[in-house]
Amino acid sequence: MNEELEKRIKKVNAKKFGEDLVSWFEQEMRELPWRENRDPYRVWVSEIMLQQTRVDTVIPYYNRFMEQFPSVEALAFAPEEDVLKAWEGLGYYSRARNLQSAVREVHESYQGIVPDNLKEISSLKGVGPYTAGAILSIAYGKPEPAVDGNVMRVMSRILSIDDDIAKPASRKKFETAVRAIIYEENPSYFNQALMELGAIVCTPTSPSCFLCPVQEHCAAFAEGTQHELPVKSKKKAAKTVELLTVIAENNKGKVLISRRPEQGLLANMWEFPSFEKTPGVNAGQQMIEYLQADHEVEATLTDEKWMTQDHIFTHLVWKMQVGRVTVTKEPALTEQIKWVDQTEIEKVAMPVSHRKIANRWKESTEKETEK
DNA sequence: CACTCGTGGAG
DNA sequence: TCTCCAAGAGT
């Protein structure tokens, strides 16, 4: 092990650090739905939803999800479309598919019991180093590190570690550190407390050191460098893509939607037909030609720029120009396309940008009906 | 390792 | 408006 790291770890009184941290957690921990009990399935679902997602955002999704899929079996036997719909708006949709895939694996290979050891639980889809440690410690009380962004931030300050936490290699260093000082009497509370501290007290830009329960153990506080840590390199700027999106209506008031590929961005989500714009070419003409070529739809242009919609991803920006056309000849239906009315469109899973467009479409058709 | 993969909220 | 983000994992 890194000698410098070992030296810093030895400076910490691990026993008292754990006691101070866990005592604080017992007093200050938030009441959250996934803390009602230690059901491994409930813990598991919460950890997947919480990946890269804020607690306040997750809570309503979690409550609905547990009501709809209360057990391993309920989720294992559910239609994949229902799971994706329950995930709509939460983002990172492969989490939903991987979770259901893994739950089916638990049902078939582990008699419906979530594995309680590192090797087996890590083999499940969507369960990486963090989630494996989180479930093992929180649900089963095992002394495994669960190193997320909070833990790296907190421990970078406690031990004054200036490794770039954006680099994959640094996570292992923090795992080593946590493993060395983990509170064996209560690994569940210890790990949760590290994260809770990061979320509530030891925050990224303005840590509240004056009310920190482990201030006396903190190297960064002693040095006055808490605002300089952790070191985190910036990610590259997002690219912008110009899209043309088409509201194609037939004479029954239904609109055409298509399903995205089962791999990649927004996998398996439903959307209005969209494609990358060719610069300098008439937009309305591109829409008509695209529908003909990719969906065997014949249509006449109604409005080539009915609205615009931006969709901002972490690594990408879509600038969408939405046009409307009237269909004169309908395509043969496939698994990848279907016609839906205002009621039916609410039941499919769409990304936020297309959901906003769908809502606007609904408003416009309701106005037409009033006339 | 570098890149992909969402979203809504905070500063 | 812009930047950064929040309990990461898959490829």
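The shown structure was predicted, so the numbers you read here are calculated from the model rather than taken from an experiment. Throughout, a chain's letter reflects where its sequence line sits, starting with A, and its residues are numbered from 1.
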Q.
Base, sugar-phosphate or nothing for A/Gly89? Non-hydrogen atoms, less than 4.0 Å.
A. sugar-phosphate
Q.
Assuming nearest nucleotide by heavy-atom distance, tell me which of A/Thr205 and A/Lys236 is located more 5' along DNA chain B.
A. A/Lys236
Q) Between A/Trp318 and A/Phe313, does the ring centroid distance fall short of 6.0 Å? A) yes
Q: Establish whether the base of B/dG6 is bridged to the side chain of A/Thr314 by a donor-acceptor pair shorter than 3.5 Å.
A: yes
**Q.** A/Glu105/A/Lys125 salt bridge by N-O under 4.0 Å criterion
**A.** no
Q: Describe the nucleic acid contact of A/Val127 in one word from base, sugar-phosphate, nothing, applying a heavy-atom distance below 4.0 Å.
A: sugar-phosphate
Q: Just call it for A/Ser46: base, sugar-phosphate, or nothing, with non-hydrogen atoms closer than 4.0 Å on any strand.
A: nothing
Q) For B/dT4, does either OP1 or OP2 sit under 4.0 Å from a side-chain N or O belonging to A/His315? A) no
**Q.** Nearest-neighbour nucleotide for the A/Pro129 side chain, B/dG6, C/dA9, C/dA6 considered
**A.** C/dA9
Q: With heavy atoms under 4.0 Å as the rule, sort A/Arg153 into base, sugar-phosphate or nothing.
A: sugar-phosphate
Q: Taking the side chain as every heavy atom from C-beta outward, state whether A/Glu262 and A/Arg97 have any atom pair closer than 4.5 Å.
A: yes
Q | Atom C1', compared across B/dG8 and C/dT1: separation rounded to whole Å | A | 16 Å
Q: Taking only the side-chain heavy atoms of A/Pro168 (C-beta and beyond), determine which of C/dG8, B/dT7, B/dA2 contains the nearest atom.
A: B/dA2
Q. What integer distance in Å separates A/Ile312:CD1 from B/dC5:C1'?
A. 16 Å
Q: Choose from B/dT7, C/dA9, B/dA2 the nucleotide whose nearest atom is closest to any side-chain atom of A/Gln51.
A: C/dA9
Q. What is the nucleic acid contact for A/Leu316, judged by heavy atoms within less than 4.0 Å: base, sugar-phosphate only, or nothing?
A. nothing
Q.
Could you tell me how far apart A/Gln263 (CD) and C/dT11 (P) are, to the nearest whole angstrom?
A. 7 Å
Q. Tell me: CZ of A/Arg54 to P of C/dC5, nearest whole Å?
A. 10 Å
Q: Provide, to the nearest angstrom, the distance between the CD atom belonging to A/Glu271 and the P atom belonging to B/dG6.
A: 12 Å
Q. Quick check: does any side chain N or O of A/Arg157 sit under 3.5 Å from a backbone N or O of A/Ala220, one acting as donor and the other as acceptor?
A. no
Q. Is the shortest side-chain N/O distance from A/Lys167 to OP1 or OP2 of B/dA2 below 4.0 Å?
A. yes
Q. Which value, in whole Å, describes the distance between the C1' atoms of nucleotides B/dC1 and C/dG8?
A. 16 Å
**Q.** NZ/NE/NH1/NH2 to OD/OE distance under 4.0 Å, A/Glu344 and A/Lys254
**A.** yes
Q) Any ion pair linking A/Glu88 and A/Lys85 (charged N to carboxylate O, less than 4.0 Å)? A) yes
Q) Taking the side chain of A/Asp148 as heavy atoms from C-beta outward, which of C/dC4, C/dG8, B/dC5 is closest to it? A) C/dG8
(Q) If the cut-off is 4.0 Å, is A/Lys235 near the phosphate of C/dC5, judged by side-chain N/O to OP1 or OP2? (A) no
Q: Identify, between A/Leu32 and A/Lys125, the residue whose nearest nucleotide on DNA chain C lies closer to the 5' end.
A: A/Leu32
(Q) Considering every strand and a 4.0 Å limit on heavy-atom distances, what is the contact class for A/Leu266: base, sugar-phosphate, or nothing? (A) sugar-phosphate
Q: Give one of base, sugar-phosphate or nothing for A/Trp34, where a contact means two heavy atoms less than 4.0 Å apart.
A: base
Q. For A/Asp56 and B/dT7, what is the distance between atoms CG and C1' respectively, to the nearest whole Å?
A. 14 Å
(Q) Can you measure A/Glu88 atom CD to B/dG8 atom P for me and round it to whole angstrom units? (A) 10 Å
(Q) Using a heavy-atom cut-off of 4.0 Å across all strands, would you classify A/Lys232 as base, sugar-phosphate, or nothing? (A) sugar-phosphate
Q) To the nearest Å, how far apart are A/Asn98 CG and C/dT11 P? A) 7 Å
Q) Base, sugar-phosphate, or nothing for A/Arg260, non-hydrogen atoms under 4.0 angstrom? A) nothing
Q: Determine whether A/Leu291 and A/Val246 make a side-chain contact, defined as any pair of heavy atoms from C-beta on separated by less than 4.5 Å.
A: yes
(Q) I'd like to know if A/Thr53 reaches the base of B/dG6 with its side chain such that a donor and an acceptor end up less than 3.5 angstrom apart. (A) yes
Q. According to a strict under-4.0 Å criterion, is A/Thr57 in side-chain N/O contact with OP1 or OP2 of B/dG9?
A. no
Q) In terms of side-chain heavy atoms of A/Val352, which of C/dA6, B/dG8, B/dC5 is nearest? A) B/dG8
Q. According to a strict under-4.0 Å criterion, is A/Tyr93 in side-chain N/O contact with OP1 or OP2 of B/dT7?
A. yes
Q) So what does A/Ala169 hit on the nucleic acid, given a heavy-atom distance under 4.0 Å: a base, only sugar-phosphate, or nothing? A) sugar-phosphate
Q: Taking only the side-chain heavy atoms of A/Leu265 (C-beta and beyond), determine which of B/dT7, B/dG6, C/dC5 contains the nearest atom.
A: B/dG6
Q.
If you assign A/Gly126 and A/Arg30 each to the DNA chain C nucleotide with the nearest heavy atom, which residue ends up on the more 5' nucleotide?
A. A/Arg30
Q. Quick one: does A/Val103's side chain get under 4.5 Å of A/Tyr41's, heavy atoms only?
A. yes
Q. Taking CZ from A/Arg97 and P from B/dG6, how many angstroms apart are they, rounded to a whole number?
A. 12 Å
